[in-house]
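Proteins get letters first, then strands, A, B, ... in listed order; numbering begins at 1 in each. Because only heavy atoms are used, hydrogens play no part in the values below, and waters and symmetry mates are left out as well, while side chains stay in.
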There are 2 protein chains.
Amino acid sequence: MSHGMAGRESKSRLDAYEAVFGALAHPARRRILLAVYFAHGEMSAGEIAAMFPHAWQTTTRHLQVLEAAGLLSHERQGRNRIYRLERKRLTLVTEWLATFFRKP
Amino acid sequence: MSHGMAGRESKSRLDAYEAVFGALAHPARRRILLAVYFAHGEMSAGEIAAMFPHAWQTTTRHLQVLEAAGLLSHERQGRNRIYRLERKRLTLVTEWLATFFRKP
DNA sequence: CAAACATTCAGCCGCGTGGCTGAATGTCGC
DNA sequence: GCGACATTCAGCCACGCGGCTGAATGTTTG
């Protein structure tokens, strides 16, 4: 018990998978991630919302889901909100997939 | 236009992403894939259903979702249905992820 | 063939999700 | 400070999803 929350870690890890895979399930959210990536990792909420036909309020919620999953972070810049891609978080998925391709 | 259905391909490809990411969104379905993998790639519907607290009919539907996404296939063996893991299909996800980690 | 077993098919239902609209918040320019 | 702008917050509604139960299908064994 040297490091404190040993048992907890795996619990919250499962939640993390849940959040990340859940976030990736929606096509609009996958598009957002790709768009931000191709815009060199940063994009304002307005620019992102402009990509979609639906109301920007809807996009706002998608952004919140992505941020809650740890896939995006934001920072206020003047009157805009700049969203930044958190690529490290995607490695969770990579890890999960890697299980299936390990040679025994 | 040398290869014929050029425009179509990307359409169905998008559907494929939709199906695969959608299938992976549910924790029970992720568990099923892992379980089948650790059982050396094959498992009967009954064995899979036994892993979960909920009714087996519910698991049946999860299996259908996974099969529709191309992540599992099945084959009748006596009175059991044997499900087999289709690892190749997971490479769709790998590809999608790879985009984010290419060095320019 | 009948009974037992493994599994799916069909239909019901409650809840979360994703779309919308209408207000609220925060920031810049004059 | 006021008005314009960018963005979020709050609340509404419809639809799909994932759970359930009850019947149907197909297969083996005596």
Side-chain angles (χ1 to χ4, degrees), chain A residues 14-36 39 41-86, chain B residues 14-36 39 41-86:
Chain A
L14 285 193
D15 287 349
Y17 280 128
E18 184 71 358
V20 170
F21 278 104
L24 294 181
H26 199 287
R29 292 194 287 258
R30 290 196 299 277
R31 273 197 65 194
I32 291 176
L33 291 181
L34 283 170
V36 175
E42 293 193 351
M43 225 171 154
S44 81
E47 290 175 299
I48 296 171
M51 299 171 32
F52 296 97
H54 50 240
W56 15 283
Q57 289 94 324
T58 300
T59 302
T60 292
R61 270 233 290 264
H62 283 312
L63 290 174
Q64 288 170 346
V65 171
L66 287 167
E67 188 161 21
L71 292 166
L72 289 181
S73 63
H74 81 269
E75 169 197 0
R76 175 148 234 138
Q77 205 165 100
R79 49 182 154 186
N80 307 3
R81 257 184 185 206
I82 306 294
Y83 279 89
R84 172 176 305 139
L85 180 62
E86 297 291 336
Chain B
L14 284 194
D15 287 350
Y17 281 127
E18 184 72 357
V20 170
F21 278 103
L24 294 182
H26 199 287
R29 293 194 287 259
R30 290 196 300 278
R31 274 196 64 194
I32 290 175
L33 291 180
L34 283 170
V36 175
E42 293 194 352
M43 225 169 153
S44 81
E47 290 174 299
I48 296 172
M51 299 171 33
F52 295 97
H54 51 240
W56 15 282
Q57 288 95 325
T58 300
T59 302
T60 291
R61 270 234 290 265
H62 284 312
L63 291 173
Q64 287 170 346
V65 171
L66 286 166
E67 188 161 22
L71 292 165
L72 289 181
S73 64
H74 82 268
E75 170 197 359
R76 176 149 232 135
Q77 205 165 98
R79 50 181 154 185
N80 307 3
R81 258 186 184 205
I82 306 294
Y83 279 89
R84 171 176 306 139
L85 180 62
E86 296 291 336

Subject >> DNA chain D contacts among residues 52-66 of chain B, heavy-atom distance under 4.0 Å >> reply: B:H54, B:A55, B:Q57, B:T58, B:R61, B:H62

Original post:
In terms of ring plane angle, is the pair A:Y17 and A:F21 parallel, tilted or perpendicular, where the classes change at 30° and 60°?
Top reply: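 Tilted.
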
Subject >> Smallest separation among heavy atoms of A:E18 and B:A25, with atom names >> reply: OE1-O, 4.4 Å

Original post:
What are the two closest non-hydrogen atoms of A:V20 and A:A69, and how far apart are they?
Top reply: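 The pair with the smallest heavy-atom distance is CG2-O, 3.7 Å.
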
Original post:
Are side-chain heavy atoms of A:Q64 and A:T60 found at a separation under 4.5 Å?
Top reply: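 SC-SC contact between A:Q64 and A:T60 confirmed.
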
Subject >> B:H74 and B:Y83, any side-chain heavy atoms less than 4.5 Å apart >> reply: yes

For [X] and [N], what is the distance between atoms [atom1] and [atom2] respectively, to the nearest whole Å?
| X | N | atom1 | atom2 | value |
| --- | --- | --- | --- | --- |
| A:R81 | D:dC5 | CZ | C1' | 15 Å |
| A:H74 | C:dG26 | NE2 | C1' | 12 Å |
| B:I32 | C:dT7 | CD1 | P | 13 Å |
| A:E18 | C:dT17 | CD | C1' | 14 Å |
| A:L24 | C:dT17 | CG | C1' | 16 Å |
| A:I82 | C:dT27 | CD1 | P | 14 Å |

Original post:
Of the options A:E86, A:R84, A:E67, which is the one that meets A:S73 in a side-chain hydrogen bond (donor to acceptor under 3.5 Å, both in side chains)?
Top reply: A:E86

Between [N] and [X], is there an OP1 or OP2 to side-chain N/O distance shorter than 4.0 Å?
| X | N | value |
| --- | --- | --- |
| A:H26 | D:dG16 | no |
| B:Y83 | C:dT8 | yes |
| A:S44 | D:dT7 | yes |
| A:R76 | D:dA6 | no |
| B:R79 | C:dA4 | no |

Subject >> B:L66, B:T59, B:L71, B:L24 screened by side-chain contact (heavy atoms from CB on, under 4.5 Å) with B:R29, the one that passes >> reply: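 Result for side-chain contact (heavy atoms from CB on, under 4.5 Å) with B:R29: B:L66.
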
